[in-house]
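Residue numbers run from 1 in the order of the sequence given.
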Amino acid sequence: DEFIKLMSELNLPYPKQIDRAVPANMVCGVQDQLPEPVQAGPGPADEQGKEPDPAEFSLEKLGVEVPCIPGDVACCGKLPVEAAVALAPRYKSWLNLNSAEDFFPEDLRNAGLENIEICPFPGPPAMPSEEQAAKALEAIERLPRPMMLQCSSGNRVGVLLLLWLAKKRGRSPESAKQLAVDADLKFWSRCDKCGPMREWVMQQLPAFDAAPVLRPHATDGLIFSQLFDPTSSTYSYLLGCGETKECVLIDPVLEQKDRDLAKVREQGLTLRYVINTHCHADHITSGGMIKKELPDVKTVISRASGAKADILVDGQDKVAFGRFELEAIPTPGHTDGCVTWWLPGLPGMIFTGDAVLIRGCGRTDFQQGDAGRLYDSVHDRLFTLPGDTVLYPGHDYKGQNHSTVDEERKFNPRLTKTRDEFIKLMAELNLPYPKQIDRAVPANMVCGVQDE
């Protein structure tokens with residue numbers, strides 16, 4: 001009765017998308033039954049009955065898809081040569097699965113694209129031979145990112161992408177099915193005629209996973225929560241020991257203090273440490289205010305940051321909670337005091353702060369930022385960790401919550417560049433001045449304690 005009363009009194013606003021979303025979802029989102037999207041008025045070219053300039057085509061208009069896994073491989077079907085040429089500057093490589101007569105590599109080369117290959121990869125009824133599959137897999141592994149995969153319809157490229165991902169991760173057919181769903185591959189979920197392709201790719205995989213399916217919280221006895229602050233797009237992390245009930249908080253946000261402490265209490269945990277990966281410029285840490293409520297809590301930050309805390313750490317220093325231990329890995333570059341925290345395990349976890357984000361990295365144009373130093377830190381100290389190490393960033397702005405060392409090593413569009421290219425790119429970002437920096441940095445230098 002209390003629940004019914006509470007729900008009736010919420011007075012929530014009318015959902016913005018409901019009038020468009022519900023009719024579409026009543027037919028499972030089938031595209032040819034979707035209501036027409038709202039269109040802008042016709043432009044000058046439309047009024048004259050001319051085709052729009054291919055350079056202005058969006059990926060969506062061209063039927064180009066970018067699966068969320070791995071994130072830097074685009075998939076497309078047949079394209080007009082003008083459209084392909086317009087897209088070429090966005091990619092470092094282009095792999096075509098059709099025969100040579102259906103392709104135009106010279107036009108792409110003239111547009112500045114150097115890495116162009118053709119690997120025939122037939123569809124039903126003649127599925128790829130063992131040799132054809134091996135050649136295509138070798139190419140997709142070797143070619144630089146970002147990459148365009150192309151076939152006639154956009155289906156076979158999904159088959160190859162799934163086969164590559166599943167083989168690379170040692171996945172069984174059952175695990176590969178979930179991978180196809182997660183990546184939203186067209187041939188898997190949006191093609192009525194692709195049954196033979198789905199069957200073929202399943203037949204190429206081992207009966208059982210070569211290793212346990214990757215689960216971010218796979219360490220036995222670890223209590224783990226990823227928490228989000230929507231204002232600053234900051235991720236905070238609660239890690240606890242199920243045996244001793246001791247826990248730590250990484251990068252907590254002041255405005256989320258009550259939520260985070262409620263989470264600690266709900267799980268019967270005792271908070272031992274509040275850890276900051278660096279002196280943040282986009283939010284104030286709640287560490288100092290938590291200490292006012294829980295005086296036994298110790299705050300932790302790197303010595304190189306110059307900030308105040310109960311414990312100042314250097315490289316390879318450790319923070320223990322129960323039977324778990326986090327190790328500090330210095331990763332300066334975003335700031336000179338950045339530290340990545342590593343939790344060994346199968347797989348291990350790293351909490352990278354702003355050093356590495358999912359398909360990105362922190363800026364290097366303030367707070368002693370140094371792009372060359374950041375590049376060296378990441379390549380020498382993080383990208384040398386086991387590839388299946390799960391990477392948890394300090395922020396994300398696109399709804400992603402974790403990655404792996406292997407994925408970022410291969411697909412991060414900034415960190416896959418040469419050192420000189422990376423330094424040049426970071427120098428030319430021209431990012432706006434951080435909104436919170438003048439308030440956040442002084443507070444974080446004293447652990448977020450406001451009266452200091």
State, without any angle test, whether [X] and [Y] hold a side-chain donor-acceptor pair at a distance under 3.5 Å.
| X | Y | result |
| --- | --- | --- |
| Asp420 | Tyr375 | no |
| His334 | Asp354 | yes |
| Asp251 | His280 | yes |

Nearest-0.5 Å distance that lies between atom CG in Leu391 and atom CG in Leu385: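 That separation rounds to 9.5 Å.
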
Gap separating the CG atom of Leu294 from the OG1 atom of Thr270, nearest 0.5 angstrom: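 Result: 9.5 Å between the selected atoms.
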
Criterion side-chain contact (heavy atoms from CB on, under 4.5 Å) on Leu137 and Leu163, from CA distance to verdict: CA-CA 8 Å; Leu137 289 170; Leu163 182 62; 4.0 Å; yes

Close side-chain approach of [X] to [Y], heavy-atom, < 4.5 Å:
| X | Y | answer |
| --- | --- | --- |
| Trp341 | Ile329 | no |
| Ile437 | Asp282 | no |
| Leu185 | Leu161 | yes |
| Met349 | Trp342 | no |
| Asp388 | Asp406 | no |
| Gln367 | Cys279 | yes |
| Glu408 | Phe411 | no |
| Leu254 | Met289 | yes |

Taking all heavy atoms of [X] and all of [Y], pick out the closest pair and write down the distance.
| X | Y | answer |
| --- | --- | --- |
| Cys75 | Val157 | CB-CG2, 3.6 Å |
| Ala281 | Phe366 | CB-CE1, 3.6 Å |
| Leu113 | Ser93 | CD1-N, 3.8 Å |
| Met426 | Arg363 | CE-CA, 3.9 Å |
| Arg145 | Val73 | NE-CG2, 3.7 Å |

Plane angle bin for Phe228 and Tyr235 - parallel if under 30°, tilted between 30 and 60°, otherwise perpendicular: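 Tyr235 and Phe228: tilted rings.
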
Intermediate values then yes/no, salt bridge (charged side-chain N to carboxylate O under 4.0 Å, His left out), Lys291 and Asp310: CA-CA 10 Å; Lys291 278 183 63 66; Asp310 296 314; 3.0 Å; yes

Is [X] salt-bridged to [Y], cutoff N-O under 4.0 Å?
| X | Y | value |
| --- | --- | --- |
| Glu117 | Arg142 | yes |
| Glu114 | Lys92 | no |
| Asp376 | Arg373 | no |
| Lys318 | Glu325 | no |
| Asp184 | Arg190 | yes |

Derivation and outcome, side chain to side chain donor-acceptor pair (under 3.5 Å), residues Asn444 and Thr285: CA-CA 6 Å; Asn444 289 330; Thr285 176; 5.0 Å; no

Worked verdict on Asp260 versus Gln256 for side chain to side chain donor-acceptor pair (under 3.5 Å): CA-CA 6 Å; Asp260 296 346; Gln256 303 295 342; over 6 Å; no

Ring centre gap for Tyr237 and Tyr392 strictly below 6.0 Å: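 Yes, they do, as the ring centres are separated by less than 6.0 Å.
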
Proximity of Phe324 and Phe224 rings by center, below 6.0 Å: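 They do not qualify: ring centres at least 6.0 Å apart.
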
side-chain contact (heavy atoms from CB on, under 4.5 Å) assessment of Arg272 paired with Lys298: CA-CA 6 Å; Arg272 294 298 186 202; Lys298 303 296 184 185; over 6 Å; no

Partner of Phe321 by side chain to side chain contact (heavy atoms under 4.5 Å, CB included), out of Thr244, Leu271, Leu269, Val248: Val248

Heavy-atom neighbours of Tyr397 OH exceed 12 at 6.0 Å: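 Count over threshold, so yes.
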
Heavy atoms from other residues, nucleotides or ligands near CD of Glu428 exceed 12 (cutoff 6.0 Å): yes

NZ or CZ of Arg156 within 45° of Trp164 ring axis and under 6.0 Å: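 Geometry flag: not set, cation outside 6.0 Å or 45°.
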
side-chain contact (heavy atoms from CB on, under 4.5 Å) between Gln267 and Leu238, worked out: CA-CA 11 Å; Gln267 300 193 61; Leu238 173 65; 3.9 Å; yes

Salt bridge (charged side-chain N to carboxylate O under 4.0 Å, His left out) between Glu421 and Lys424, intermediate numbers included: CA-CA 5 Å; Glu421 289 173 337; Lys424 182 175 184 293; over 6 Å; no

Derivation of the side chain to side chain donor-acceptor pair (under 3.5 Å) call for Thr352 and Thr340: CA-CA 5 Å; Thr352 57; Thr340 289; 5.5 Å; no

Verdict with supporting geometry, Leu205 and Lys167, side-chain contact (heavy atoms from CB on, under 4.5 Å): CA-CA 7 Å; Leu205 302 176; Lys167 281 184 170 289; 4.0 Å; yes

